[in-house]
Number of protein chains: 2
Amino acid sequence: MNPRGDTWMALFPPLAGLPEAERGMLATRAAAAALPAGTTVFEPQQACGAFLFVTRGSVRVYQLDQDGNEIVLYRLGPGSICILTTMALLAADRYSAYAVTETEVEAVALPGPTFDDLMGRSPRFRGFVFLAHAERMADLMRVIQNVTFESIESRLAARLLALAADRGTLSITHQQLAAEIGSAREVVSRHLKAFERRGWVSLARNRIEVRNAASLRGAAGDADA
Amino acid sequence: MNPRGDTWMALFPPLAGLPEAERGMLATRAAAAALPAGTTVFEPQQACGAFLFVTRGSVRVYQLDQDGNEIVLYRLGPGSICILTTMALLAADRYSAYAVTETEVEAVALPGPTFDDLMGRSPRFRGFVFLAHAERMADLMRVIQNVTFESIESRLAARLLALAADRGTLSITHQQLAAEIGSAREVVSRHLKAFERRGWVSLARNRIEVRNAASLRGAAGDADA
DNA sequence: TCGTCACCGTGACTTCGTCACAGACGACAG
DNA sequence: CTGTCGTCTGTGACGAAGTCACGGTGACGA
């Protein structure tokens with residue numbers, strides 16, 4: 001049923017301490033699923049009825065307003081669970097958030113009843129779920145901190161570094177970058193141009209190369225934490 | 001032990017469906033507490049070790065940056081639970097949020113072990129807790145939506161209406177109002193002056209009177225949702 | 001009555017968001 | 001190879017919002 005056995009559990013350190021019986025439940029009741037890049041995983045007024053463990057790839061969760069403005073709230077990678085579907089599952093509430101796969105994503109789905117069973121049976125599993133909720137809550141609070149108190153320049157620098165990771169170069173448009181930090185394309189373009197003039201990055205269509213990460217880190221300051 | 005018996009549970013509709021045994025646990029294990037106005041309930045690096053039901057009064061939860069800038073995240077009133085302490089209790093995570101009582105507050109505290117016991121025992125109680133988490137998460141997403149996409153004027157109008165409720169007048173400084181919406185005092189002062197010129201409010205030291213709620217509602221637009 | 005202190009008003013300036021529009025690049029068909 | 005087309009990027013102009021500096025003013029106690 002699960003093509004990779006229960007090895008996916010290794011991606012979730014808090015699950016390591018679960019008793020064998022509960023690991024067995026996870027292994028036998030969970031079903032793996034693969035989603036191509038660009039799949040809409042979640043949007044308002046429509047919920048997926050399972051508890052999802054992400055085992056590979058990346059899911060971007062973002063907010064939209066009615067004019068199409070966008071801001072990225074957080075990303076889910078291997079080892080994360082989708083808290084929006086959990087909320088929708090258990091609290092029947094509705095959010096104004098969207099989630100889309102950025103790459104091909106593999107996830108393990110736990111049926112609602114099994115999830116609830118585990119929540120009742122296992123203090124450790126409860127701790128795991130609460131921890132995940134706490135992390136997402138912290139993500140949202142970080143976003144609020146950034147948009148409210150940090151300058152565009154520092155947020156942009158921080159986000160460039162985060163997205164480039166150690167690859168040093170990234171394929172992204174200015175429009176997408178603006179959506180990352182909840183700003184406007186023109187504003188991002190101007191700041192990138194300024195970064196380029198200072199020799200911190202090189203710009204080309206759809207491509208940004210980080211040339212001086214140290215300076216960017218300095219400009220990032222406290223942004224993103 | 002609990003001076004008001006278990007009548008406080010009536011404030012939490014989702015608890016109504018709990019079996020008698022679980023209501024009994026809540027009634028006998030929970031302890032009431034009263035906090036004077038201005039008490040710091042929560043701040044980073046320091047957690048209170050219990051699960052809190054607010055039964056009277058109002059708690060303001062807000063974020064600070066290092067320069068003293070402030071933004072209100074949400075309020076807890078009668079019928080709300082304090083999710084930050086829950087998180088701290090179960091996930092041992094730390095937040096950059098502060099919580100302070102705005103009025104005298106009465107709360108019912110459930111010891112950690114009893115909370116965990118109930119979480120394991122009662123699917124309904126789990127649903128209740130998840131619903132509370134979902135509501136706070138929705139609050140944070142609303143804050144993000146507002147600070148990112150809404151104008152100061154609409155946010156200010158919306159917040160004036162929310163704070164004035166139906167009393168029509170409120171005692172608050174421009175500085176506090178700025179903290180409500182995460183802006184600066186001067187900006188708020190200027191917009192209030194504009195509102196006054198339009199006859200929507202009257203201003204005095206420490207006092208704002210709403211004179212034309214309909215116009216304010218119009219200006220609020222989609223802010224606060 | 002006189003400081004003192006918090007609160008409020010205002011001008012000047014910077015940063016950011018919005019609008020309009022002009023180039024520039026890449027993919028692709030003919 | 002070349003023209004076309006859609007997307008991406010650059011830029012000026014302007015309004016909205018944040019920052020800084022400073023002055024006025026009302027409440028309140030010494």
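In what follows, every chain begins at residue 1, and chains take the letters A, B, ... in the order their sequences are listed.
Atoms CG (L170(B)) and P (dC7(C)) sit 15 Å apart, rounded to a whole Å. Taking atom CD on Q175(B) and atom C1' on dG9(C), their separation rounds to 14 Å, with Å as the unit. We find that CD1 of I208(A) is positioned 11 Å from C1' of dT9(D), with the value rounded to whole Å. Rounded to whole Å, the distance from CD on E196(A) to P on dT11(D) is 10 Å. The distance from atom CD1 of I172(A) to atom P of dT9(D) is 10 Å, rounded to the nearest whole Å. The distance from atom NZ of K193(B) to atom P of dG24(D) is 17 Å, rounded to the nearest whole Å. Atoms CZ (R205(B)) and P (dG24(D)) sit 16 Å apart, rounded to a whole Å.
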What protein N or O atoms touch nucleotides 16-18 of chain C N or O atoms at under 3.5 angstrom, if any, and at what distances?
| unit_1 | atom_1 | unit_2 | atom_2 | d |
| --- | --- | --- | --- | --- |
| dC16(C) | OP1 | I152(A) | N | 3.0 |
| dC16(C) | OP2 | H191(A) | NE2 | 3.1 |
| dG17(C) | OP2 | S183(A) | OG | 2.6 |
| dT18(C) | O4 | R190(A) | NH2 | 2.8 |

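Between R75(B) and E102(B) a salt bridge is recorded (basic side-chain N to carboxylate O distance below 4.0 Å). Here R185(B) does not pair with E70(B) in a salt bridge; the nearest charged N to carboxylate O distance is not below 4.0 Å.
In terms of heavy-atom proximity, E106(B) sits nearest to A34(B) at CG-CB, 4.3 Å. Contact between I144(B) and I144(A) at its shortest, heavy atoms only, is CG1-CG1, 3.4 Å.
Taking the six-membered ring wherever Trp is involved, the centroid distance between the rings of Y98(B) and F42(B) does not fall below 6.0 Å.
H174(B) has no side-chain polar atom (N or O) that falls below the 4.0 Å cut-off from OP1 or OP2 of dA6(C).
For the 3.5 Å distance criterion, the side chains of Q63(A) and Q145(B) qualify, holding a donor opposite an acceptor.
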